[in-house]
Amino acid sequence: MIGFMTFIINEMASVLGCLLNIEKMVTAITIVALGTSLPDLFASKTAAINEKYADDAGGNVTGSNSVNVFLGMGIPWFLAVCYKASQPTGDVFLLKKENLKGFTFSIVVFMACAVLAMLLLILRRYLPFFGNAELGGTKVGKYLSGGILIGLWVIYIVLNVLKTTTNIFGDLFDPK
């Protein structure tokens with residue numbers, strides 16, 4: 001059922017992106033990503049509210065992201081390599097650099113935003129302004145932290161959209 005729903009979300013996002021003339025990369029990091037991540041968001045919210053220390057919420061976030069990155073990329077690439085190797089021509093599996101355009105840039109921007117999010121969590125743990133805790137704390141600290149994290153997501157989206165649609169960053173991080 002999960003696989004079927006993922007297929008439906010992907011197809012709907014692809015059609016919507018095509019109808020609205022949105023680049024595939026932009027569709028993937030916005031519509032598809034939101035559609036597949038919202039269930040995790042609600043699961044993390046529920047865990048954070050119902051547990052005293054909210055360890056399950058943190059575990060859900062890191063577990064979900066590791067599945068997305070390692071299995072979500074690993075399995076399709078592994079299957080593609082196996083398929084290519086099984087062909088009588090003996091071709092190797094190569095990705096065209098045109099297909100990777102913006103991919104490395106996206107990873108670098110994501111990693112920078114992830115490091116900033118981790119620094120925020122560290123600051124929340126040690127600064128009384130945030131209540132000396134990753135979750136909870138002062139009302140201003142909670143809203144500020146939420147705003148910063150949402151802002152990091154917006155920065156990630158905006159930079160990737162600019163890279164994909166206007167190429168404002170040139171060949172920065174693109175394979176040569």
Side-chain angles (χ1 to χ4, degrees), residues 1-47 56-119 121 149-176:
M1 186 63 176
I2 292 172
F4 177 73
M5 288 306 298
T6 302
F7 173 77
I8 295 298
I9 289 169
N10 181 50
E11 287 302 310
M12 289 174 53
S14 295
V15 169
L16 182 64
C18 183
L19 290 173
L20 297 177
N21 198 25
I22 300 172
E23 296 277 341
K24 286 184 179 185
M25 176 75 161
V26 175
T27 303
I29 64 172
T30 55
I31 301 168
V32 174
L34 277 173
T36 58
S37 296
L38 283 177
D40 290 329
L41 171 72
F42 293 122
S44 293
K45 177 186 177 271
T46 302
D56 292 342
N60 184 44
V61 169
T62 55
S64 174
N65 282 308
S66 66
V67 167
N68 288 342
V69 171
F70 301 127
L71 291 181
M73 287 175 59
I75 290 174
W77 284 17
F78 175 75
L79 293 174
V81 169
C82 290
Y83 173 77
K84 277 292 202 179
S86 71
Q87 297 303 303
T89 59
D91 289 344
V92 295
F93 179 67
L94 295 173
L95 295 174
K96 296 177 184 175
K97 66 181 177 182
E98 297 86 38
N99 294 342
L100 290 175
K101 187 175 183 179
F103 185 65
T104 307
F105 179 83
S106 182
I107 291 172
V108 170
V109 172
F110 174 81
M111 292 301 295
C113 290
V115 166
L116 291 173
M118 301 265 294
L119 288 173
L121 290 177
L149 292 172
I150 292 170
L152 288 174
W153 179 72
V154 169
I155 288 168
Y156 171 77
I157 298 297
V158 167
L159 290 178
N160 277 286
V161 168
L162 287 173
K163 170 71 174 160
T164 304
T165 59
T166 67
N167 203 21
I168 193 170
F169 302 107
D171 291 333
L172 187 64
F173 302 115
D174 281 343
K176 302 295 181 217

A117 versus L149, closest heavy-atom pair with distance: CB-CD2, 3.8 Å
Using modelled atom types only, decide if a donor and an acceptor are shared between the side chain of S66 and the backbone of G63 within a distance under 3.5 Å. yes
Just how far is it from atom CZ of F110 to atom CG of L152, taken to the nearest 0.5 Å? 10.5 Å
Nearest 0.5 Å please: distance from the NZ atom of K163 over to the OG1 atom of T104. 9.0 Å
Taken to the nearest 0.5 Å, the spacing of I157 CD1 from L162 CG works out to 11.5 Å
Within-4.5 Å side-chain heavy-atom neighbours: I29 and Y156: yes
Close side-chain approach of F70 and I75, heavy atoms under 4.5 Å: no
Separation between OG of S37 and CZ of F42, rounded to the nearest 0.5 Å: 11.5 Å
Between S86 and Y83, is there a donor-acceptor pair closer than 3.5 Å when you use the side chain of the first and the backbone of the second? yes
Side chain to side chain contact (heavy atoms under 4.5 Å, CB included) assessment of I31 paired with L16: CA-CA 9 Å; I31 301 168; L16 182 64; 3.6 Å; yes
To the nearest 0.5 angstrom, please state how far the CD1 atom of I107 sits from the CE atom of M111. 9.0 Å
Looking only at heavy atoms, which two atoms of I155 and C113 are closest? And how far apart? CG2-SG, 4.4 Å
Taking C-beta and beyond as the side chain, do N160 and V26 meet within less than 4.5 Å on heavy atoms? no
Where is the tightest heavy-atom contact between T27 and G17, given as atom of each residue plus distance? OG1-CA, 3.7 Å
